[in-house]
Peer 1: 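The structure under discussion is supplied below as structure tokens; questions concerning it will follow.
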Amino acid sequence: MRKLFLLAAILSVAFLSGCNDSNSTFHDPYDGVGAGITIYNAAYGQNDIALDPTAVAIRLEMLLAEAEKQQVDFSTVKVTYGKALVNAKDLFFGTQTTIVKTTEGVYTITYNGSTPGRLDYYYRRGAYVVNTFNHRLSADGQPWTVTLGQAGMVCWSVGPFGDKIEMQIQEMGATTITRQETRYSISFLNFKAYLANSRKYTSDWSGDFYFTTSVNADDLSYSAQQEAVFTLLGGARGASLYTLNNTTPLHLSYAISAANPLKWDPSKSSSFRLIVGGEETATLTSTADYNVADYPASSVTVTRTLNDKVVSIKVSYNGITIIL
């Protein structure tokens, strides 16, 4: 079921429309908050790709835990999707993605650019290496790590009109995921990526986050998490893969409120990708990166609220608040 993948829904399309470059002809069609929307889109987009290794690792845990529960090899696990019984590996990773295990509990997940799994979002070409240290991710205090494979990684998404946004992951320190009692911590350092044909704007992004599940933190298998609600909180900062001055990478910070974390609940929204609650703040951290006249305030706050399966998005910027 689609509900499973809310743990990896940080990869969802959460951008707000209205991204503009900073220049002398800046025009704001969003009642004074257009510049804030640009700031948010850049911070969210950078953080989204930096969390991709985490999303892949969580999918792997869900697959391995389900295989252990069914007492079958992970390549042959069957799960129910909609009304059909399907191969879980294909559902999670796509039919042409390969997963190779070593005796040390290390899994190399190699993508060839083919169609993503039906519950995935990014197309990928390259490999991630997940070290499980021969234990379940749900083992308290026992980390997993994710690093780049030798082939590196290229990720891209395709918009509704066929537009393609491609990102090259150049380098990354190990992403570490660790269960801490009722929640899972995520930590990554010096994540370096750039947009295709824009290598001089290379990110250097680091962050710490926590995610929780509303059901059983001891068991992240597909079947155990079907009715779960997931939350995510934390923050990150650094140079991003975007620019507003065509000279330097845009430096940003991104934070999710601990009091109002991001929330996914497909039972109420009918969508596994849709963020249904939470508050985020994105901030420009270096005035050298942008035209201050175009961005009179450095921070924007975005708050989501779900009412009757409809999500309202409140954007607050420079003393102005609008509902999208």
Side-chain angles (χ1 to χ4, degrees), residues 10-52 121-122 155-161 163-167 191 193-205 207 235-257 262 273-275 278-304 311-324:
I10 43 186
L11 299 180
S12 64
V13 182
F15 291 153
L16 310 180
S17 60
C19 188
N20 298 286
D21 285 335
S22 178
N23 54 57
S24 60
T25 60
F26 183 87
H27 173 66
D28 183 359
Y30 288 92
D31 297 324
V33 303
I37 290 173
T38 299
I39 296 168
Y40 172 82
N41 284 347
Y44 183 93
Q46 171 59 65
N47 201 65
D48 189 63
I49 188 63
L51 282 168
D52 186 56
Y121 174 66
Y122 282 123
C155 301
W156 67 93
S157 60
V158 179
F161 304 105
D163 48 314
K164 181 179 178 181
I165 301 175
E166 182 175 298
M167 292 159 282
F191 186 92
Y194 56 88
L195 293 169
N197 303 318
S198 298
R199 186 166 186 167
K200 68 177 181 178
Y201 311 123
T202 297
S203 67
D204 189 354
W205 195 253
R237 64 184 296 118
S240 74
L241 46 67
Y242 300 102
T243 186
L244 288 178
N245 61 12
N246 295 320
T247 303
T248 59
L250 184 64
H251 288 75
L252 297 156
S253 67
Y254 170 79
I256 304 170
S257 168
L262 291 188
R273 288 180 178 156
L274 184 65
I275 301 171
E279 180 179 293
E280 305 154 276
T281 299
T283 303
L284 298 167
T285 58
S286 174
T287 56
D289 296 340
Y290 61 96
N291 185 340
V292 177
D294 289 342
Y295 296 86
S298 60
S299 292
V300 59
T301 298
V302 174
T303 306
R304 290 173 171 80
V311 177
S312 66
I313 302 175
K314 181 175 70 174
V315 181
S316 299
Y317 178 73
N318 196 33
I320 301 169
T321 297
I322 68 169
I323 305 294
L324 299 180

Peer 1: Distance-only, no hydrogens or angles: does the T301 side chain make a donor-acceptor pair with backbone N or O of T281 under 3.5 Å?
Peer 2: no
Peer 1: Provide the closest heavy-atom pair for N245 versus T243 in the form atom of the first, atom of the second, distance.
Peer 2: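 Smallest interatomic distance, heavy atoms only, reads OD1-OG1, 3.1 Å.
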Peer 1: Mind checking the OH-CG spacing from Y121 to D48? Nearest 0.5 Å is all I need.
Peer 2: 8.0 Å
Peer 1: Can I165 and L195 be said to form a side chain to side chain contact (heavy atoms under 4.5 Å, CB included), step by step?
Peer 2: CA-CA 8 Å; I165 301 175; L195 293 169; 4.0 Å; yes
Peer 1: Does the side chain of Q46 pick up a donor-acceptor pair with the side chain of Y242 at under 3.5 Å?
Peer 2: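 No, Y242 and Q46 have no side-chain donor paired with an acceptor closer than 3.5 Å.
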Peer 1: With sequence neighbours left out, what residues match A282 under side chain to side chain contact (heavy atoms under 4.5 Å, CB included)?
Peer 2: I39, A43, V300
Peer 1: What distance do E280 atom CD and I275 atom CD1 have between them, rounded to the nearest 0.5 Å?
Peer 2: 5.5 Å
Peer 1: Can any side-chain N or O of S203 pair as donor or acceptor with the backbone N or O of F191 at less than 3.5 Å?
Peer 2: yes
Peer 1: S253: what forms a side-chain hydrogen bond (donor to acceptor under 3.5 Å, both in side chains) with it, not counting sequence neighbours?
Peer 2: none
Peer 1: Can we say K314 and E279 salt-bridge, meaning some charged N sits less than 4.0 Å from an Asp/Glu carboxylate O?
Peer 2: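 Salt bridge flag = no for E279 with K314.
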Peer 1: What pair of heavy atoms forms the shortest contact from T38 to Y295, and how long is it?
Peer 2: CG2-OH, 3.5 Å
Peer 1: Just to verify, what does A255 make a side chain to side chain contact (heavy atoms under 4.5 Å, CB included) with, not counting sequence neighbours?
Peer 2: none
Peer 1: Any side-chain heavy atom of L284 sitting closer than 4.5 Å to one from L250?
Peer 2: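 Yes, close enough: below the 4.5 Å cut-off.
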Peer 1: Ignoring hydrogens and angles, write down the donor-acceptor pairs under 3.5 Å from the side chains of residues 316-324, residues two or more places apart or on other chains.
Peer 2:
residue : atom : partner : partner atom : Å
S316    : OG   : T321    : OG1          : 3.0
Y317    : OH   : A297    : N            : 3.1
Y317    : OH   : A297    : O            : 2.6

Peer 1: Got a second to check how far T303's OG1 is from I313's CD1, nearest 0.5 Å?
Peer 2: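 Between atom OG1 of T303 and atom CD1 of I313 there are 10.5 Å.
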Peer 1: Within a strict 4.5 Å, meaning less than it, do heavy atoms of the W205 and I49 side chains meet?
Peer 2: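 In short, these two side chains do not touch, never coming nearer than 4.5 Å.
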Peer 1: Listed by chain and number, what are the side chain to side chain contact (heavy atoms under 4.5 Å, CB included) partners of T202, not counting sequence neighbours?
Peer 2: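 Q170, K192, Y194, R199.
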Peer 1: Quick one: OG1 on T283 to CZ on R237, what's the gap to the nearest 0.5 Å?
Peer 2: 8.5 Å
Peer 1: Does the plane of the ring in Y254 sit parallel, tilted or perpendicular to the ring in Y40? Use 30° and 60° as the thresholds.
Peer 2: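 Correct class here is tilted.
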Peer 1: Of all residues at least two apart in sequence or in a different chain, which pass the salt bridge (charged side-chain N to carboxylate O under 4.0 Å, His left out) check with D289?
Peer 2: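 For D289 there are no salt bridge (charged side-chain N to carboxylate O under 4.0 Å, His left out) partners, ignoring immediate neighbours.
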Peer 1: Which value, rounded to the nearest 0.5 Å, describes the distance between Y44 atom OH and L262 atom CG?
Peer 2: 7.5 Å
